[in-house]
Amino acid sequence: MVVCNASETMQPASWLLFLFSLLGFLSLLNLSFTFCRWIFITFLRPPKNLNNYGSWALITGATDGIGKAFAFQLAQKGLHLILEVVAGVRGMQKVIVGENIDVGVLVNNVGVTYPVARYFHEVEEDVWIKVVKVNVEGTSLVTKAVIEGMVERKKGGAIVNIGSGAAIVVPSHPLYAIYAASKA
């Protein structure tokens, strides 16, 4: 007759229980830390003083909607605004450098799409080239024009690129594929 001690038979099971309990506790601790950090960043952390980056803000696409709202908010914070670029990106860069304008905040909000919803193969070439030129090339050139001054001043800066729900809400968005891809 073999006699087994109850503590000897439960030993492997208690180590497994301890291991899984420890993993669960660490996961819960990580989740709690992430949640507390989100609460702090969202509700408790003091806002940044954007004037520390520079006294000017450049906002593309500021005539309506989100861009217009950004313009009002940044003006309330005491920043001078550049709202339109009539001379094009290269002309704007010459003015910023020539007049030593310290742009500290850039909001890339501009975006164009085609006038009628169409499948990719139905969009004329000149239309989709315009969409890509404004939404991708224009945004990149404006960022390049402003970021050089931010780096030279060594005060940092804030660059906000506004995307579109067309790339997120309906990921395939077949009737605005070019716009969705350029504003993703």
Side-chain angles (χ1 to χ4, degrees), residues 37-117 123-124 126-171 173 175-184:
R37 185 173 180 266
W38 176 80
I39 292 289
F40 173 75
I41 290 171
T42 306
F43 299 111
L44 304 174
R45 180 175 62 178
K48 292 187 183 283
N49 183 0
L50 296 176
N51 288 305
N52 292 340
Y53 297 139
S55 60
W56 287 84
L58 188 138
I59 306 168
T60 64
T63 57
D64 195 22
I66 295 171
K68 189 174 183 179
F70 264 105
F72 281 115
Q73 290 296 315
L74 293 173
Q76 285 179 347
K77 303 279 184 200
L79 290 166
H80 305 288
L81 303 178
I82 302 170
L83 300 178
E84 289 185 15
V85 181
V86 179
V89 176
R90 299 197 195 323
M92 176 212 49
Q93 186 176 18
K94 288 178 185 175
V95 170
I96 289 173
V97 172
E99 296 185 19
N100 200 19
I101 298 175
D102 61 335
V103 176
V105 177
L106 169 63
V107 179
N108 281 318
N109 178 58
V110 72
V112 297
T113 188
Y114 23 102
V116 179
V123 179
E124 295 85 19
D126 60 325
V127 174
W128 71 257
I129 286 175
K130 178 185 173 191
V131 170
V132 171
K133 260 188 162 335
V134 172
N135 296 355
V136 179
E137 184 180 347
T139 298
S140 300
L141 289 174
V142 169
T143 303
K144 182 164 178 26
V146 171
I147 202 166
E148 290 172 355
M150 290 178 177
V151 171
E152 284 177 13
R153 287 189 301 276
K154 298 181 181 176
K155 294 192 322 188
I159 299 175
V160 180
N161 292 316
I162 306 296
S164 174
I168 297 169
V169 176
V170 183
H173 216 299
L175 300 178
Y176 288 100
I178 298 165
Y179 173 76
S182 67
K183 290 294 281 184

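Everything numeric here is computed off the predicted structure, so don't read it as measured data.
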Spacing of Thr113 atom OG1 and Lys130 atom NZ [to the nearest 0.5 Å]:
10.0 Å
Can you establish whether the number of heavy atoms outside Ile147 located under 6.0 Å from its atom CD1 is more than 12?
no
Please report the interatomic distance OG1(Thr139) to CD1(Ile159), rounded to the nearest 0.5 Å.
11.5 Å
Look up atom CD1 in Ile66 and atom CD1 in Ile59, then write down how far apart they are to the nearest 0.5 Å.
12.5 Å
Would the distance check show the side chain of Lys183 and the main-chain N or O of Val110 forming a donor-acceptor pair, the cut-off being under 3.5 Å?
yes
Using a 3.5 Å distance criterion without hydrogens, assess whether the side chain of Ser182 forms a donor-acceptor pair with backbone atoms of Tyr179.
yes
Is the CZ atom of Arg153 crowded by more than 12 outside heavy atoms at less than 6.0 Å?
yes
Can you list every salt bridge (charged side-chain N to carboxylate O under 4.0 Å, His left out) pair that touches residues 136-145, not counting sequence neighbours?
Lys133-Glu137, Lys144-Glu148
Nearest-0.5 Å distance that lies between atom OH in Tyr114 and atom CH2 in Trp128
11.5 Å
Looking at CG of Leu83 and OG1 of Thr63, how far apart are the two atoms once the value is rounded to the nearest 0.5 Å?
9.5 Å
Tell me, which pairs form a side-chain hydrogen bond (donor to acceptor under 3.5 Å, both in side chains) where one or both residues lie in residues 99-112, sequence neighbours left out?
Ser55-Asp102, Asn108-Thr143, Asn108-Asn161
Which residues share a side-chain contact (heavy atoms from CB on, under 4.5 Å) with Tyr53, sequence neighbours left out
Lys48, Leu50, Ala158
What's the separation between atom CG in Asn49 and atom CG in Leu79, rounded to the nearest 0.5 Å?
8.5 Å
Whether Trp56 and His80 hold their rings parallel, tilted or perpendicular, with breakpoints at 30° and 60°:
tilted
Report the residue from Leu58, Val146, Leu74, Asn51 that forms a side-chain contact (heavy atoms from CB on, under 4.5 Å) with Val105.
Leu74
